[in-house]
Amino acid sequence: WFTAYIGAFSGLTFLIIPLLKAMSVEDAVILKAIVLIGPMQVLGRLLLATQGRHFPSLQVGRWAMGFLLASLLILLCLPPSLFWLCTFAVLFGMGNGVMTIIKGTAPAELFGTARYSEINGALASPGVLSKALAPSLLAALWGTGLDPKWVLVGILLLLLLGFLALEALIRHEKRPQ
């Protein structure tokens with residue numbers, strides 16, 4: 001779940017501006033929309049800090065991944081107007097802001113705190129590799145001459161893989177032990 005999310009986030013972060021430019025979006029429109037991502041990350045974290053105690057980490061992770069999936073669907077399926085790009089940025093920013101916190105709290109909720117550092121380190125290792133490789137692999141995909149939207153499809157598939165892994169984890173957690 002974390003590994004797929006981190007790869008998708010890293011890939012999109014490095015490629016969003018050139019992808020949008022390749023889709024003929026004007027620079028001013030790109031900047032007006034993209035500038036919203038940072039404040040929306042903070043807003044997502046603020047909402048989590050004030051309301052998150054009412055929900056299990058995995059449920060919050062499900063919502064965050066849903067926001068991220070919806071943001072990619074907007075990029076893929078709707079016209080790249082200022083309105084839709086701002087909507088993308090709000091959902092992407094909030095989803096990412098929450099995920100950065102959840103990837104730290106979920107392991108403690110799932111496995112306890114006794115070996116938290118060890119478990120969290122083990123979970124983070126594949127994410128570091130994903131974070132490092134995703135931008136280059138997605139750029140290589142784009143470099144084959146494919147339409148830039150195929151790169152977005154690749155990112156969407158990473159997020160979908162992460163969402164499905166999270167769903168499997170949630171189902172596993174609900175089973176009687």
Do the non-hydrogen side-chain atoms of [X] and [Y] ever get within less than 4.5 Å of each other?
| X | Y | answer |
| --- | --- | --- |
| F111 | L123 | yes |
| V151 | L146 | no |
| L91 | L68 | no |
| L138 | F14 | no |
| Y5 | M65 | yes |
| L58 | L110 | yes |
| L20 | L75 | yes |
| L161 | L157 | no |

Grab the two heavy atoms, one from [X] and one from [Y], that are nearest each other, plus how far apart they are.
| X | Y | answer |
| --- | --- | --- |
| G104 | Y116 | O-OH, 2.6 Å |
| A89 | A33 | CB-O, 3.2 Å |
| K149 | D147 | N-OD1, 2.7 Å |
| A49 | R53 | O-NH1, 4.2 Å |
| A108 | T113 | CB-CG2, 4.1 Å |
| E109 | P56 | OE2-CB, 3.5 Å |

If you draw a 6.0 Å radius around [atom1] in [X], do more than 12 non-hydrogen atoms from other residues or ligands fall strictly inside?
| X | atom1 | answer |
| --- | --- | --- |
| F2 | CZ | yes |
| E26 | CD | no |
| W150 | CH2 | no |

When you group the ILVMFWY residues by side-chain heavy-atom contacts below 4.5 Å and let the links chain together, are [Y] and [X] in the same group?
| X | Y | result |
| --- | --- | --- |
| L19 | L158 | no |
| L137 | L152 | no |
| I17 | I74 | yes |
| F88 | L31 | no |
| F92 | F83 | yes |

From the options M40, M94, R62, select the one residue that forms a side-chain contact (heavy atoms from CB on, under 4.5 Å) with F67.
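Going through the options one by one, the only one that passes is M94.
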
Can you tell me how far apart [atom1] ([X]) and [atom2] ([Y]) are? Round to the nearest 0.5 Å.
| X | Y | atom1 | atom2 | answer |
| --- | --- | --- | --- | --- |
| K131 | F9 | NZ | CZ | 7.5 Å |
| W84 | C77 | CH2 | SG | 11.0 Å |
| R45 | L48 | CZ | CG | 10.0 Å |
| N120 | R115 | CG | CZ | 12.5 Å |
| I155 | L12 | CD1 | CG | 4.5 Å |
| N96 | I102 | CG | CD1 | 12.0 Å |

Tell me whether T50 contacts the main-chain N or O of L47 through its side chain, where contact means a donor paired with an acceptor under 3.5 Å.
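Side chain of T50 to backbone of L47, a donor-acceptor pair under 3.5 Å: yes, one is there.
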
Is there a donor-acceptor pair under 3.5 Å between the side chain of Q41 and the backbone N or O of G93?
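Not a single qualifying donor-acceptor pair exists.
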
Polar side chain donor-acceptor pair, T3 to S130, under 3.5 angstrom
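No, no side-chain donor-acceptor pair sits under 3.5 Å.
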
Are F55 and W63 an aromatic pair, judged by ring center distance below 6.0 Å?
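Ring centres of F55 and W63 closer than 6.0 Å.
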
